[in-house]
Amino acid sequence: MTTSTHAEALRAPTGTHDVMPGESERWIALLGVFASLVEKAGFGLIHTPLFEDVRLFRRGVGTETEVVGKEMYEFEDKGGRAMALRPEGTASVVRAVIQHHPTMPFKAWYATPTFRYERPQAGRYRQHHQVGVEVLGISDPDLDVEVLELAVDYLHALGLSGFTLRLNSLGDPACRPAYLDELQCYLTAHVGELCDEHAGKIDANPLRILDCKRETCRSVSAAAPSMADALCAECATHHDRVRAGLDAHGVAYLNDAALVRGLDYYTRTTFEITIPIEGSELTILGGGRYDGLVAALGGEDTPGIGFGSGIERVLLACDGQGAFAVAPSVPEVFIIDTTDGTIARDVVAKLRRAGIAADRGYGGRSMKSQMKSADRSGAKFALIVGSKEAAAGTITIRDLRGDGTQHEVDASTLVASLAALTTTPKDLHS
RNA sequence: GUGGGUAUAGCUCAGUUGGUUAGAGCGCCUGGUUGUGGUCCAGGAGGUCGCGGGUUCGAAUCCCGUUACUCACCCCA
């Protein structure tokens with residue numbers, strides 16, 4: 001068991017991490033919570049490739065975005081094709097919809113690794129994992145409310161609280177271009193007051209500046225024209241209906257006109273959920289409507305909406321709140337065989353086929369050391385086979401979690417004896 | 001991409017103004033007689049002190065470089 005500490009030792013690449021047994025039980029449980037929630041709402045699981053033609057993300061997410069412009073894992077395959085590891089979940093789903101023409105509405109959920117080449121820090125990875133949902137084919141604002149409620153219900157189902165839902169409308173092609181012009185004019189007039197970072201971004205991404213946290217930009221953006229005032233009648237009506245739905249259902253939110261998302265495809269409803277983690281606010285879920293995306297990627301004009309949520313960040317938040325603790329799985333019984341191991345070999349197989357979670361000791365180690373393994377395994381019972389039991393055709397069952405009582409049963413009735421042991425206490429008390 | 005911090009045993013960390021065979025706790029292994037864990041006791045395994053170079057009689061300790069980790073900015077899940 002000697003491991004090298006040399007520099008050349010292989011390790012997980014920067015920004016990636018292993019989810020080891022002991023921790024992975026929690027991942028299984030989280031996926032179970034999410035799956036059962038969204039399946040009840042009519043969503044079906046979709047798997048799409050981890051990598052796609054790089055043009056999908058460039059055209060879908062936008063070349064000007066950080067996510068695509070700077071952070072994408074791009075590579076050329078052996079056939080010379082330009083590919084990219086997915087930096088977000090929506091584009092692939094939309095591509096699949098365009099490719100397969102499912103009947104509308106189309107509702108799908110996913111759980112997938114997501115890749116962004118950036119400097120890792122707390123809650124930020126180069127490979128992280130997201131669960132999410134997408135709905136295509138419906139522009140009804142009541143659907144927006146449903147999707148938002150799913151997001152909130154998911155976090156509540158994990159036991160999280162104290163998070164903030166921010167909501168905004170980014171308008172649509174009827175009203176956003178005019179607003180952007182207006183905003184750019186305003187910003188250009190005040191370019192001298194912007195921070196160095198953003199002074200050069202007025203043309204590329206003016207909305208971004210509204211979200212800058214520096215004092216200089218803040219005072220400029222405070223007086224900037226607001227998208228909320230520039231929404232066309234249709235977008236305003238849509239937004240009002242979404243807010244009315246959330247209000248009617250008691251879903252708390254903050255209407256935040258400065259909320260900007262990092263992906264270009266959003267229209268109308270956009271939102272994100274943040275939560276305090278170790279002193280700072282971390283985004284754990286984000287999404288919105290993307291009514292123009294399908295058409296932009298070559299499909300028929302189809303509205304869409306969805307969200308993605310980072311599993312690592314959500315679990316970090318759970319840690320911070322002591323929420324969603326998941327016990328590691330343990331065997332029900334642990335078999336100890338100090339003879340030649342034949343009985344352990346046969347008993348463990350028999351028990352597992354009977355649906356009993358069973359583990360065992362190996363290598364003919366001493367009774368003491370196998371008992372230690374049994375204890376560590378977390379099993380409720382140790383099944384002991386020594387020379388005495390082997391000769392008599394019996395097995396000793398020892399209670400490891402109670403007072404240590406043990407009794408010898410006939411090997412042929414083991415399964416029944418175990419069943420009796422696990423149900424007897426219940427019968428006595430009821 | 002920019003800036004700060006850290007790097008010693010599987011894990012969490014000590015290691016004094018540079019000084020001889022590098023330590024602790026936890027974990028792991030083996031024992032504490034005749035077949036029994038969780039407590040206790042004893043013993044044991046396990047470290048080119050991240051890597052490379054320099055200063056020095058002598059470097060885990062000082063200097064430079066490098067890599068990794070980590071935190072923050074940017075951005076985002």
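So that the names make sense, note that chain A is the first sequence line, chain B the second, and so on, each numbered from 1. What you see is a predicted model, and the numbers here were worked out from it, not measured in a lab.
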message: Check whether A/Asp375 reaches the backbone of A/Gly378 with its side chain - one donor and one acceptor, N or O, closer than 3.5 Å.
response: no

message: Classify A/Gly123 by what it touches in the nucleic acid, base, sugar-phosphate, or nothing, heavy-atom distance under 4.0 Å.
response: base

message: Using side-chain heavy atoms (C-beta onward) and a distance below 4.5 Å, is A/His407 in contact with A/Thr396?
response: no

query: Does A/Arg126 put a side-chain nitrogen or oxygen below 4.0 Å from OP1 or OP2 of B/C75?
result: no

query: Are any of A/Gln121's side-chain N or O atoms less than 4.0 Å away from OP1 or OP2 of B/C71?
result: no

- request: Kindly indicate whether the side chain of A/Trp27, heavy atoms from C-beta on, has any atom under 4.5 Å from the side chain of A/Ile311.
  value: yes

task: Determine: side-chain N/O of A/Arg365 to OP1/OP2 of B/U30, distance under 4.0 Å, yes or no.
output: yes

message: Using a 4.0 Å heavy-atom cut-off, does A/Gln406 contact any base of the nucleic acid, only the sugar-phosphate backbone, or nothing at all?
response: base

Side chain to side chain, A/Phe271 and A/Leu165, heavy atoms closer than 4.5 Å: yes

message: What's A/Glu389 touching, base or sugar-phosphate or nothing? Going by heavy atoms closer than 4.0 Å.
response: base

query: If you look at every strand shown and take non-hydrogen atoms under 4.0 Å, does A/Arg398 touch a base, only sugar-phosphate, or nothing?
result: base

message: Does B/A72 have OP1 or OP2 under 4.0 Å away from a side-chain N or O of A/Arg119?
response: no

message: Regarding A/Arg261 and A/Glu272, does a basic nitrogen lie under 4.0 Å from an acidic carboxylate oxygen?
response: yes

statement: Its dot-bracket string being built from Watson-Crick and G-U pairs below 3.5 Å, with | for another strand and [ ] for crossing, RNA chain B has the pattern (((((((..((((.....[...)))).(((((.......))))).....(((((..]....))))))))))))....

Touch class at under 4.0 angstrom, heavy-atom based, for A/Ala122 against every strand present: sugar-phosphate

task: Look at all strands and tell whether A/Lys70 reaches a base, only sugar-phosphate, or nothing, counting heavy atoms closer than 4.0 Å.
output: nothing

- request: Kindly say whether, by distance alone, the side chain of A/Arg313 makes a donor-acceptor pair under 3.5 Å with the base of B/C76?
  value: yes

statement: When A/Thr396 and A/Glu118 are each assigned the nearest nucleotide of RNA chain B, the 5'-most assignment goes to A/Thr396

message: Base, sugar-phosphate or nothing for A/Ile284? Non-hydrogen atoms, less than 4.0 Å.
response: sugar-phosphate

task: Taking atom P in both B/G46 and B/U55, compute the distance separating them and give it to the nearest angstrom.
output: 34 Å

message: Any base atoms under 4.0 Å from A/Gly378, or only sugar-phosphate, or nothing? Heavy atoms, all strands.
response: nothing

task: Select base, sugar-phosphate, or nothing to describe what A/Arg11 touches, counting heavy atoms under 4.0 Å on all strands.
output: sugar-phosphate

query: Does a distance-only test, which skips hydrogens and angles, find a donor-acceptor pair under 3.5 Å between the side chain of A/Glu71 and the base of B/G1?
result: no

- prompt: With a 4.0 Å cut-off on heavy atoms, is A/Lys372 in touch with a base, just the backbone sugar-phosphate, or nothing at all?
  reply: sugar-phosphate

Touch class at under 4.0 angstrom, heavy-atom based, for A/Ile384 against every strand present: base

Of the listed nucleotides B/U36, B/C75, B/U30, the one nearest the side chain of A/Lys368: B/U36

query: Base, sugar-phosphate alone, or nothing: which one does A/Thr14 contact when heavy atoms must sit under 4.0 Å apart?
result: sugar-phosphate

query: Reckon A/Thr65 touches a base, only the sugar-phosphate, or nothing at all at heavy-atom distances under 4.0 Å?
result: nothing

